[in-house]
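We use all heavy atoms of the structure for the numbers below, so side chains are in, but hydrogens, waters and symmetry mates are not.
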Amino acid sequence: MAARIALLKYLRVEARPVQLRNPRLIGGSVSQLFKRHFSEEVRGSFLDKDEVRDRVINVVKNFQKVDPSKVVPNAHFQNDLGLDSLDTVEIVMALEEEFRFEIPDNEADKINSINLAVDFIASHPQAK
């Protein structure tokens with residue numbers, strides 16, 4: 001700490017030790033001390049999960065190789081809808097277009113059902 005203060009003084013930046021407003025936080029709720037505060041813009045930028053689910057189901061139903069009657073929220077692309085791996089890639093690409101963001105390849109490989117697609121997209125801040 002002393003070296004830091006000396007370095008900052010040398011750089012002509014005033015340095016003072018940080019005083020905690022409530023010293024009881026040390027023994028109690030330290031997590032409150034380090035809690036992240038996101039701006040309203042970031043906090044409000046995630047899509048509603050129900051809206052995402054409806055849009056994902058719509059994209060999958062409109063895929064030409066899928067029987068729309070088999071599309072349900074927990075449908076697996078290969079086991080329930082009979083799609084192969086290339087079809088799954090095409091579905092993920094269609095989801096990228098629908099939600100206007102790029103899904104990284106390592107994440108796209110994990111998306112093999114409607115539920116997984118919904119969870120990933122709903123938790124991604126760039127999805128629109």
Item to check | Sequence-distant partners of Glu107, salt bridge (charged side-chain N to carboxylate O under 4.0 Å, His left out), two or more places apart | outcome: Lys110

Item to check | Qualifying residues under salt bridge (charged side-chain N to carboxylate O under 4.0 Å, His left out), relative to Arg55, sequence neighbours excluded | outcome: Glu51, Glu98

Closest contact, heavy atoms only, [X] versus [Y]:
X      : Y      : answer
Pro104 : Phe120 : CD-CZ, 4.3 Å
Pro73  : Arg53  : CB-CD, 4.0 Å
Ala108 : Val92  : CB-CG1, 3.8 Å
Leu81  : Val66  : CD2-CG1, 4.3 Å

Next on the checklist: As a quick check of understanding, evaluate side chain to side chain contact (heavy atoms under 4.5 Å, CB included) for Phe77 and Val60, giving each step before the final call.
Outcome noted: CA-CA 9 Å; Phe77 295 149; Val60 174; 4.0 Å; yes

Next on the checklist: Please determine whether a side-chain nitrogen of the Lys or Arg among Lys65 and Asp84 lies less than 4.0 Å from a carboxylate oxygen of the Asp or Glu.
Outcome noted: no

Are [Y] and [X] linked, directly or through intermediate hydrophobic residues, by side-chain heavy-atom contacts shorter than 4.5 Å (ILVMFWY only)?
X      : Y      : value
Leu47  : Leu95  : yes
Met93  : Val52  : no
Ile57  : Ile121 : yes
Ile114 : Val89  : no
Phe63  : Ile111 : yes

Checklist entry - Between Asn112 and His76, does a side chain to side chain contact (heavy atoms under 4.5 Å, CB included) hold up when you go through it step by step? => result CA-CA 6 Å; Asn112 57 16; His76 188 277; 3.5 Å; yes

Next on the checklist: Set out, in order, the CA-CA distance, both residues' side-chain angles and the distance that settles side chain to side chain contact (heavy atoms under 4.5 Å, CB included) for Lys128 and Phe99, then state yes or no.
Outcome noted: CA-CA 5 Å; Lys128 296 179 170 113; Phe99 292 96; over 6 Å; no

Checklist entry - Yes or no on side chain to side chain contact (heavy atoms under 4.5 Å, CB included) for Lys49 and Ser123, after CA distance, side-chain angles and deciding distance? => result CA-CA 9 Å; Lys49 201 166 186 174; Ser123 68; over 6 Å; no

Checklist entry - After noting the C-alpha distance and the side-chain angles of Ser69 and Asp67, does the key distance pass the side-chain hydrogen bond (donor to acceptor under 3.5 Å, both in side chains) rule? => result CA-CA 5 Å; Ser69 66; Asp67 177 5; 3.0 Å; yes

Can you measure from [atom1] ([X]) to [atom2] ([Y]) and round to the nearest 0.5 angstrom?
X     : Y      : atom1 : atom2 : result
Ser85 : Gln78  : OG    : CD    : 6.5 Å
Glu97 : Glu102 : CD    : CD    : 12.0 Å
Asn62 : Ile91  : CG    : CD1   : 9.5 Å

Next on the checklist: Can you confirm whether Asn106 is buried at CG, in the sense that more than 12 heavy atoms of other residues, nucleotides or ligands lie under 6.0 Å from that atom?
Outcome noted: yes

